[in-house]
Amino acid sequence: MAADLVILGGRLVAPAEPTEPVDVVIEGGRIAAVVSAGEAPAARQTLDASDAWVMPGFVDIQVHFRTPGATDSEDLASGAAGAAMGGVTACVIMPNTNPPIDTPDMVNEVLALAAGVPCDIRTSAAITAGRAGHRLADLPALYDAGVRVFTDDGDCVADDALMEAALAATVRLPGAVISQHAEDPAMVAGGVLNAGAVAERLGVRGRPADAEVSVVHRDIEIARRTGGRYHVLHLSVAAAMDLVARAKAEGVAVTAEVTPQHLVLTEDDVERLGTTGKMNPPLRLADDVAALRRGIIDGSLDAVATDHAPHHPTLKDRPLAGAPPGMIGVETMASVVWSEFVATGEMSPARFVEVVSTAPARIAGIADHGQPVTAGAPANVTVFDAAERWTVQAETLQSHSLNSPWSGRTLSGRVRHTLLAGAPVVIDGNLAV
Ligand SMILES: [Zn+2]
């Protein structure tokens with residue numbers, strides 16, 4: 001009997017064996033076998049992977065798909081389409097929607113809307129009811145509804161006692177994690193850009209680096225006391241990374257992610273990018289970028305996540321101080337990281353897979369993704385052509401929004417095919433659904 005699908009002649013990322021080109025046989029949504037190239041059985045469908053890597057599908061654990069409440073900027077279908085084009089087979093959406101995702105009913109409503117989109121959508125839920133920062137949401141009930149990531153993202157949980165209660169509550173919920181947007185709200189109030197030369201030049205208020213460092217410091221101590229799992233969203237400051245790295249070495253259950261933009265861009269880029277260059281936490285200094293780049297290579301930082309934050313062009317077309325913060329990025333994540341790190345020889349393909357797939361899946365408790373490409377694994381797979389160069393044009397990305405900081409930039413490496421539970425959702429760089 002013919003196999004469902006075979007991916008022909010791709011290369012697996014070391015240390016997987018064999019390292020020679022392989023055929024990946026897919027049956028019933030799973031990888032049935034990995035055999036030497038040319039040895040696969042007949043199949044109803046084949047996809048060419050010659051001169052390309054066959055990798056576990058990428059996982060983006062911080063995206064805003066604006067459903068419900070702002071579907072002009074993005075919706076679950078457009079967000080998932082961009083994810084699929086970027087080789088991302090699983091996403092965690094953030095709960096700062098309107099209304100916020102803070103009850104099991106809201107979780108179920110959003111997940112029902114995500115049925116049939118070309119990416120496995122998981123939702124986080126708010127730590128506090130209404131994301132208002134006053135009392136905890138019903139974390140155990142949300143956990144029972146399938147939530148593993150709890151966050152008030154967009155806002156920081158500032159109250160010490162609430163944060164302690166949240167981390168203590170999740171100790172009893174295996175796999176749950178408290179993810180913090182770590183910026184002390186009192187310190188960043190009214191702030192638009194990194195507190196520094198560019199903010200001064202443009203006459204806007206700054207968001208100091210210490211606002212992040214102080215929250216990360218406090219939260220690590222709470223995580224140490226409670227034993228709860230703590231994750232730093234979009235870490236942006238070198239000193240905060242150092243705290244995370246030290247705490248990890250001391251056995252505290254802490255992880256941190258970094259966005260592609262914080263690994264590449266600085267506050268100086270805001271003058272070129274305009275409101276697209278505005279995000280929270282803000283683009284920082286060259287010294288921070290250099291430190292974070294070392295950290296994503298050496299393991300001080302665990303994962304890349306995009307904070308994909310679409311805003312309809314009419315919303316971003318305002319003075320800097322009044323424009324909403326955020327950049328899109330789910331569709332370009334892998335190509336930016338590959339271009340900046342692997343193509344330059346700074347990062348191995350194996351570490352690339354770790355930071356864009358394995359680690360984020362592990363942090364967010366997504367068991368069906370980020371698995372090695374081996375027999376028995378769910379067939380959430382991306383075929384990535386490292387040799388292809390392409391120039392990003394915001395208008396041609398899948399997002400409803402245009403706020404890509406990478407528009408006009410030529411990148412190395414592009415997704416050729418994406419398979420979601422064995423079904424191709426991108427074929428030869430085009431959406432297949
Ligand atoms: Zn955030």
Side-chain angles (χ1 to χ4, degrees), residues 60-67 69-70 73-74 79 91-98 100-102 122-128 130-133 137 147 149-158 163 166 177-194 207-209 211-216 218-219 230-237 240-241 244 254-263 265 275-284 288 292 301-311 315-316 323-330 333 360 363-364 401 403 405:
D60 190 347
I61 58 173
Q62 198 198 156
V63 301
H64 302 269
F65 287 169
R66 304 303 187 207
T67 304
S73 291
E74 198 75 288
C91 282
V92 178
I93 58 174
M94 296 290 103
N96 57 337
T97 50
N98 186 15
I101 301 168
D102 65 347
R122 309 296 174 98
T123 186
S124 61
I127 296 170
T128 69
R131 294 178 59 256
V147 173
V149 178
F150 296 94
T151 179
D152 276 7
D153 182 44
D155 291 310
C156 180
V157 177
M163 197 60 183
V177 62
I178 297 292
S179 292
Q180 178 76 292
H181 179 128
E183 283 191 296
D184 182 324
M187 293 174 74
V188 298
V192 177
L193 302 176
N194 180 53
R207 303 174 80 90
E212 177 171 308
V213 178
S214 63
V215 171
V216 170
R218 178 202 67 174
D219 289 349
Y230 174 63
H231 178 71
V232 185
L233 299 166
H234 44 45
L235 188 145
S236 70
V237 178
M241 180 182 82
V244 169
V254 53
T255 51
E257 69 185 36
V258 61
T259 71
Q261 51 268 35
H262 286 113
L263 288 169
L265 305 174
T275 57
T276 293
K278 177 186 180 185
M279 75 169 288
N280 297 337
L283 298 176
R284 302 288 188 186
D288 292 302
L292 301 186
L301 298 169
D302 299 275
V304 174
T306 65
D307 190 12
H308 176 85
H311 294 289
L315 299 172
K316 276 287 198 184
M327 310 177 183
I328 61 172
V330 70
M333 171 175 75
I363 290 166
S401 297
N403 51 316

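Whatever order the structure lists them in is the order used to number ligands and atoms, beginning at 1.
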Between I101 and T123, the two heavy atoms sitting closest are CD1-OG1, 3.5 Å
Taking atom types as modelled, is there a side-chain donor on S401 or H311 under 3.5 Å from an acceptor on the other?
-> no
Only counting residues at least two apart or in another chain, list the ones meeting ring pair (Phe, Tyr, Trp, His ring centres under 6.0 Å) with [X].
X    : result
H181 : H234
H308 : F65
F150 : none

Evaluate the side chain to side chain donor-acceptor pair (under 3.5 Å) criterion for residues D288 and H262: first the C-alpha distance (whole Å), next the side-chain angles of each, then the deciding distance (0.1 Å), finally the verdict.
-> CA-CA 8 Å; D288 292 302; H262 286 113; over 6 Å; no
The Zn ion (ligand 1) - number of protein N/O/S atoms closer than 2.8 Å = 3
